[in-house]
Amino acid sequence: QVQLVESGGGLVQAGDSLRLSCAASGRTPSNYAMGWFRQAPGKERVFVAAITWTGRSTYYADSVKGRFTISRVNAENTVYLQMNSLTPEDTAVYYCAARIGGTIYSGSRYYTSTGDYGDWGQGTQVTVSS
């Protein structure tokens, strides 16, 4: 099992930036894809971004495309989510998740469902004020 710990959340104003981090530890597999999801109050947890083990391929939800960037440093077992031009609609608890296998695309769809990921962090709150 992979232990994941998110950090970097906070309270910011609209238009500001934040960078979230997700540190992996424990029995980290030899290769695993990573994803970021978010959950706003009273809503379901939804996909934000994903990155392959190599970092060469990424995929984003339409709502964050062009504003958010996912990246990883495998030597540090850390994944990042750079969030720019934040809006109040980005307010949510952000979770990172790991998927064993290293890929983010099955051949017919991208892995964007919560059920596609087996290990989860505890989440970090991001609040964007208007």
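Just so it is clear, the structure is predicted and the values come from calculations on it, not from any experiment.
- In this structure the side chain of Y60 reaches within 4.5 angstrom of the side chain of I70, judged on heavy atoms.
- Using a 4.5 Å cut-off on side-chain heavy atoms (C-beta onward), F37 and T112 make no contact.
- We find the CE-CH2 distance between M34 and W53 to be 10.5 Å, quoted to the nearest 0.5 Å.
- The two atoms that bring A24 and L4 nearest to each other are CB-CD2, 3.7 Å, heavy atoms only.
- Looking at S113, its side chain never comes within 3.5 Å of a backbone N or O of G115 through a donor-acceptor pair.
- R67 contributes a side-chain N or O that, together with a main-chain N or O of S85, makes up a donor-acceptor pair within less than 3.5 Å.
- Annotation: side chain of Y59 is in contact with side chain of F47 (closest heavy-atom distance under 4.5 Å).
- In this structure the side chain of M83 reaches within 4.5 angstrom of the side chain of V126, judged on heavy atoms.
- Shown here is R109, whose CZ atom has more than 12 heavy atoms of other residues, nucleotides or ligands within 6.0 Å.
- Side-chain atoms of Y117 never come within 3.5 Å of backbone atoms of D119 as a donor-acceptor pair (strictly under, hydrogens ignored).
- A 4.5 Å side-chain heavy-atom check between Y110 and D116 finds every atom pair outside the cut-off.
- Partners of K43 according to the salt bridge (charged side-chain N to carboxylate O under 4.0 Å, His left out) rule, which considers only residues two or more places apart in sequence or in another chain, do not exist here.
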Run Y111 and Y105 through side-chain contact (heavy atoms from CB on, under 4.5 Å) and show every step you take. CA-CA 6 Å; Y111 295 123; Y105 184 66; 5.7 Å; no
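- In this structure, the side chain of E6 engages the main chain of Q122 through a donor-acceptor pair within 3.5 Å.
- Cluster membership check: Y80 does not share its hydrophobic cluster with V48, using side-chain heavy-atom separations under 4.5 Å among Ile, Leu, Val, Met, Phe, Trp and Tyr.
- Nearest approach of G9 to L20, heavy atoms of both residues: N-CD2, 3.6 Å.
- The line from OG1 of T69 to CZ of R19 is 11.5 Å long, rounded to the nearest 0.5 Å.
- Taken to the nearest 0.5 Å, the OG1 atom of T58 stands 12.0 Å off from the CZ atom of R72.
- The shortest heavy-atom contact between A92 and A40 is CB-N, 3.8 Å.
- Aromatic rings from W36 and Y95 are positioned such that their centres are separated by 6.0 Å or more.
- The shortest distance between side-chain heavy atoms of V128 and E89 does not fall below 4.5 Å.
- Evaluation of the disulfide bond (SG atoms under 2.5 Å apart) test over residues 78-110, restricted to residues two or more places apart or in two chains, returns C22-C96.
- Side chains of R38 and L81 form no contact here, defined as non-hydrogen atoms less than 4.5 Å apart.
- A donor-acceptor pair under 3.5 Å is absent between the side-chain atoms of D16 and the main chain of L86, judged by distance alone.
- With hydrogens and angles ignored, the 3.5 Å screen pairs a side-chain donor or acceptor of T52 with a backbone N or O of S57.
- N84 meets the side-chain hydrogen bond (donor to acceptor under 3.5 Å, both in side chains) test with S17, Q82; sequence neighbours excluded.
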- Please assess Q125 against T91 for the test side-chain contact (heavy atoms from CB on, under 4.5 Å), listing each intermediate value before the final yes or no. CA-CA 8 Å; Q125 176 71 48; T91 295; 4.1 Å; yes
